[in-house]
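Below, each value reflects all heavy atoms present in this structure, side chains not excepted, and no hydrogens, waters or symmetry copies. Numbers restart at 1 for each chain; the letters A, B, ... are given by sequence-line order, proteins then strands.
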Protein chains: 2
Amino acid sequence: MLEVERPIEVFLEILGRRGSFPILWALVRGPQRFSALQQETGLPPRTLSLRLKELEDFALVSRTAYPQVPPRVDYALTKKGEGLKGALEALLEWEKTL
Amino acid sequence: MLEVERPIEVFLEILGRRGSFPILWALVRGPQRFSALQQETGLPPRTLSLRLKELEDFALVSRTAYPQVPPRVDYALTKKGEGLKGALEALLEWEKTL
DNA sequence: CAGGATCCTGATCGATACTG
DNA sequence: CAGTATCGATCAGGATCCTG
């Protein structure tokens, strides 16, 4: 076998983790701050942070920090992330038929 | 908050586990036996068995055992599972743009 | 405000061996 | 053939506390 995991499987693994879908779905509505995402997803900071970093590594989400006090950081979908919208909607559509 | 997890998140969790996507994708091509799925996915029997049971519990896959020696068991997509095809293809389509 | 560091528990997974 | 049993390693996720 010796096959390397396909990108889609890696992605699905990430998508399957706690909070990934809610985060992505929240960002479809536009850029959000860390605290807003925390509110909407109900995730503890550690988990939210981990998830965002993974999504960033996967180039689905971008991080923008504004150098001010107190700090302000915005998370947004990248072009690649936007491309996912269709698939996410297909999933949501399918969910309705359950 | 106090929200129960949405079905789609439960599903994504399952889909994110080792082998789920390959199994589903193999079954899109038609019913398969346990050993065939083992071959195609490269999963150890334990993991394949666990995954199939989860997919069965989620009513995406059906199991049919023929009472003969040696035993023969077929796994196939249910109607509900077939409904997923579109979303899986959307995912695959998106993967190509990576 | 936006996280990082620690600690810890339970889930998950692969390898291997065995059976109806 | 189609699984199950067992074991050990690894990993994910929550809670809590701390800081630039």
Side-chain angles (χ1 to χ4, degrees), chain A residues 1-6 9-24 26-27 30-58 61-77, chain B residues 1-6 9-24 26-27 30-58 61-77:
Chain A
M1 288 296 136
L2 291 202
E3 280 179 44
V4 177
E5 219 171 44
R6 311 211 312 143
E9 293 181 47
V10 177
F11 167 66
L12 287 175
E13 208 176 310
I14 293 174
L15 191 59
R17 295 196 182 146
R18 285 247 146 214
S20 290
F21 185 82
I23 290 170
L24 253 12
L27 292 180
Q32 311 275 343
R33 303 182 59 169
F34 189 88
S35 50
L37 290 172
Q38 218 175 331
Q39 280 270 118
E40 292 175 53
T41 62
L43 295 172
R46 185 184 108 93
T47 303
L48 177 56
S49 178
L50 286 171
R51 218 75 329 143
L52 285 169
K53 210 155 294 172
E54 292 165 0
L55 294 172
E56 224 191 313
D57 289 347
F58 218 75
V61 164
S62 65
R63 198 191 99 112
T64 310
Y66 300 94
Q68 51 183 47
V69 181
R72 177 213 174 96
V73 179
D74 274 13
Y75 289 92
L77 290 185
Chain B
M1 289 293 134
L2 291 202
E3 281 179 42
V4 177
E5 218 170 46
R6 311 212 309 142
E9 293 181 47
V10 176
F11 167 66
L12 287 175
E13 210 176 308
I14 292 172
L15 190 59
R17 298 199 180 139
R18 284 244 145 221
S20 290
F21 184 83
I23 290 170
L24 254 11
L27 292 180
Q32 311 275 343
R33 303 180 60 167
F34 190 89
S35 51
L37 289 172
Q38 218 175 329
Q39 280 270 117
E40 292 175 53
T41 62
L43 295 172
R46 184 185 106 93
T47 303
L48 177 56
S49 177
L50 286 170
R51 219 76 326 146
L52 285 169
K53 210 155 296 175
E54 291 165 2
L55 293 173
E56 222 191 314
D57 289 346
F58 215 75
V61 165
S62 65
R63 198 190 100 111
T64 309
Y66 301 94
Q68 51 184 45
V69 181
R72 177 212 174 95
V73 179
D74 275 12
Y75 290 92
L77 290 184

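A/Val61 approaches A/Leu52 most closely through the heavy-atom pair CG1-CD2, 4.5 Å. Minimum heavy-atom separation, A/Ser20 to A/Ile14: OG-O, 2.7 Å. Here the closest non-hydrogen pair linking A/Glu40 and A/Ala26 is OE1-CB, 3.5 Å.
Rounded to whole Å, the distance from CD on B/Gln68 to C1' on D/dC1 is 10 Å. Note: CG (A/Leu15) to C1' (D/dA12) measures 16 Å, nearest angstrom. Following rounding to the nearest Å, B/Gln39 (CD) and D/dC1 (P) show an atom-to-atom distance of 10 Å. Distance A/Arg17 CZ to D/dT10 C1': 12 Å, rounded to the nearest Å. B/Glu54 places its CD atom 15 Å from the P atom of D/dG3, with the value rounded to the nearest Å. Distance, A/Leu43 CG to D/dA12 P: 15 Å, rounded to whole Å.
Using a cut-off of 4.0 Å between Lys/Arg side-chain N and Asp/Glu carboxylate O, A/Lys53 and A/Glu56 are scored as not salt-bridged.
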So if I define the base as every atom that isn't primed, P, OP1 or OP2, how would nucleotides 2-7 of chain C read as a B/S/- string at a heavy-atom cutoff under 4.0 Å?
SBS-B-
Begin from the C-alpha positions of A/Leu27 and A/Leu55 and carry the test side-chain contact (heavy atoms from CB on, under 4.5 Å) through to its verdict.
CA-CA 12 Å; A/Leu27 292 180; A/Leu55 294 172; 5.9 Å; no
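Sorted by first and then second residue, the pairs that involve residues 64-73 of chain B and meet salt bridge (charged side-chain N to carboxylate O under 4.0 Å, His left out), not counting sequence neighbours, are B/Arg72-B/Asp74.
Side-chain nitrogen and oxygen atoms of A/Arg51 include at least one within less than 4.0 Å of the OP1 or OP2 phosphate oxygen of D/dG13. Distances shorter than 4.0 Å separate none of the side-chain N or O atoms of A/Arg18 from OP1 or OP2 on D/dG13.
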